[in-house]
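I have placed the structure first, in the form of structure tokens, so that the comments after it can refer back to it.
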Amino acid sequence: MLPRSGAYLLRVNGRQSFVDTGAAVITRPGDELSVAHPLGCGDTFTAVELEPELDRWPASVHRLPLDDVADLQHRLLIASCRRGADRLAVAEQVFAIVARLEASSLPSGVPSSGAVRPGTAAVHRRLVAETQEVLAGGLFTYGLKEIAAEVNASPHHLSRIFRRVTGETLTGYRNRMRVRAVLADVQDGADCLRTLAARYGFADQAHLTRLMRRQVGLPPSAVKRLLAVETRMNIQRRCD
């Protein structure tokens with residue numbers, strides 16, 4: 001499952017994790033699954049069925065880090081499908097995403113929480129999941145103190161543990177998630193970048209542009225063109 005927007009709690013074979021647009025999910029025949037939406041916002045995603053030989057991750061791995069390149073590849077895949085791309089082109093885009101997931105996965109398939117006791121590591125993972133849930137609820141304008149207060153932790157402890165568990169800073173993660181929220185709105189037809197910048201806590205439109213360019217390699221205007229649905233082209237294809 002490749003996420004596009006939203007977040008949810010996923011339990012696979014008894015192990016629960018929080019899933020947002022920063023992670024793809026892989027499940028297999030026979031897995032026991034349950035999903036809950038604590039934020040009440042639901043989620044949108046693309047379901048891809050892979051042949052068994054393409055599943056090269058350990059059987060215990062169900063959550064894969066989805067980096068900025070893979071996220072943009074996914075959104076371009078959606079745009080291609082909406083424009084009526086042929087099956088070969090779609091398949092190649094899917095294989096590119098799978099290859100990217102392989103390249104960006106850690107050897108263990110999950111972030112490392114360092115050399116700590118299993119019980120402590122579980123507490124740390126839970127703290128990170130609660131923090132991700134706070135941000136997924138749309139609180140992108142919160143600072144470190146406000147986020148820490150939401151999860152009943154000190155700012156220093158939260159900052160340290162978040163980086164230890166995920167391998168990135170809380171600021172870096174927040175920036176990735178709010179850029180993806182902007183991308184989801186743009187793909188749904190949102191047009192005013194100034195409004196989106198204000199909605200997701202950017203200082204101004206220029207700040208959004210700088211951050212998006214740094215993360216996906218393109219400015220918002222170029223991304224909008226790539227994700228646009230070419231209605232005229234679709235009509236022409238149907239006529240042909």
Side-chain angles (χ1 to χ4, degrees), residues 1-27 31-47 61-68 70-71 74 104 106 109-114 116 118-185 188 196 199-202 211 215:
M1 276 80 77
L2 299 169
R4 181 176 154 212
S5 64
Y8 56 94
L9 289 175
L10 173 70
R11 184 181 294 275
V12 182
N13 300 331
R15 181 169 182 175
Q16 180 172 288
S17 59
F18 182 78
V19 180
D20 56 17
T21 56
V25 171
I26 182 169
T27 61
D31 283 341
E32 295 183 2
L33 306 174
S34 63
V35 174
H37 292 95
L39 303 176
C41 59
D43 59 279
T44 58
F45 60 89
T46 303
V61 172
H62 293 92
R63 192 172 181 275
L64 304 169
L66 189 73
D67 67 12
D68 297 320
D71 177 68
H74 172 216
S104 62
L106 295 175
V110 294
S112 171
S113 56
V116 296
T120 302
V123 171
H124 290 174
R125 289 195 299 269
R126 188 159 55 248
L127 175 62
V128 169
E130 290 173 355
T131 303
Q132 292 171 325
E133 186 173 334
V134 167
L135 291 174
L139 301 181
F140 293 112
T141 60
Y142 273 28
L144 178 58
K145 288 184 179 180
E146 290 84 0
I147 295 173
E150 290 286 329
V151 296
N152 297 314
S154 73
H156 175 72
H157 178 70
L158 175 60
S159 178
R160 180 170 57 88
I161 295 305
F162 194 94
R163 184 162 191 168
R164 174 184 293 177
V165 172
T166 66
E168 67 179 324
T169 66
L170 180 53
T171 297
Y173 173 83
R174 189 274 309 269
N175 286 341
R176 288 200 302 117
M177 292 301 100
R178 59 180 178 171
V179 164
R180 294 187 187 188
V182 169
L183 289 174
D185 283 0
D188 285 339
L196 291 176
R199 178 182 303 167
Y200 293 109
F202 294 95
L211 191 56
Q215 291 189 198

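Numbers here simply count residues along the sequence, with the first being 1.
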Any heavy-atom pair between the side chains of [Y] and [X] that's under 4.5 Å?
{"X": "F45", "Y": "L2", "result": "no"}
{"X": "R164", "Y": "I161", "result": "yes"}
{"X": "R15", "Y": "H62", "result": "no"}
{"X": "L139", "Y": "I147", "result": "no"}
{"X": "V179", "Y": "F202", "result": "yes"}
{"X": "E130", "Y": "V151", "result": "yes"}
{"X": "T21", "Y": "L66", "result": "no"}
{"X": "T120", "Y": "H124", "result": "yes"}

Between [X] and [Y], which heavy-atom pair has the shortest distance, and what is it?
{"X": "R63", "Y": "S17", "result": "CD-OG, 4.0 Å"}
{"X": "G201", "Y": "T141", "result": "CA-CG2, 3.6 Å"}
{"X": "A36", "Y": "Y8", "result": "O-CB, 3.3 Å"}
{"X": "H37", "Y": "A7", "result": "CD2-O, 3.6 Å"}
{"X": "E150", "Y": "V134", "result": "CB-CG2, 3.8 Å"}

[atom1]-[atom2] distance between [X] and [Y], expressed to the nearest 0.5 angstrom:
{"X": "T46", "Y": "H74", "atom1": "OG1", "atom2": "NE2", "answer": "2.5 Å"}
{"X": "R126", "Y": "Q16", "atom1": "CZ", "atom2": "CD", "answer": "10.0 Å"}
{"X": "R174", "Y": "L135", "atom1": "CZ", "atom2": "CG", "answer": "7.5 Å"}
{"X": "R180", "Y": "N175", "atom1": "CZ", "atom2": "CG", "answer": "12.0 Å"}
{"X": "T131", "Y": "L158", "atom1": "OG1", "atom2": "CG", "answer": "4.5 Å"}

Quiz item: Is there any ring-ring contact (aromatic ring centres under 6.0 Å, His included) pair reaching into residues 140-172, and which pairs are they, with sequence neighbours excluded?
Solution: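 Counting only pairs at least two positions apart or across chains, the ring-ring contact (aromatic ring centres under 6.0 Å, His included) contacts touching residues 140-172 are F140-Y200, F162-Y173.
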Quiz item: L183 pairs by side-chain contact (heavy atoms from CB on, under 4.5 Å) with which of L196, D71, D188?
Solution: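 The side-chain contact (heavy atoms from CB on, under 4.5 Å) with L183 is passed solely by D71 among L196, D71, D188.
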Practice problem: Start with the C-alpha distance between V35 and V19, add both sets of side-chain angles, then the distance that settles side-chain contact (heavy atoms from CB on, under 4.5 Å), and finish with yes or no. | Solution: CA-CA 10 Å; V35 174; V19 180; over 6 Å; no
Quiz prompt | Verdict with reasoning, M1 to T27, per side-chain contact (heavy atoms from CB on, under 4.5 Å) | solution = CA-CA 8 Å; M1 276 80 77; T27 61; 4.0 Å; yes
Quiz prompt | Partners meeting side chain to side chain contact (heavy atoms under 4.5 Å, CB included) with S5 (sequence neighbours left out) | solution =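 Testing S5 for side chain to side chain contact (heavy atoms under 4.5 Å, CB included), a comparison that skips the adjacent residues, returns T44, A184.
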Quiz item: Taking 4.0 angstrom as the limit, do D185 and R199 come out as a salt bridge?
Solution: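 Here D185 pairs with R199 in a salt bridge, since their nearest N and O are under 4.0 Å apart.
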Quiz prompt | Electrostatic pair R4-D43, nearest N-O below 4.0 angstrom | solution =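 No.
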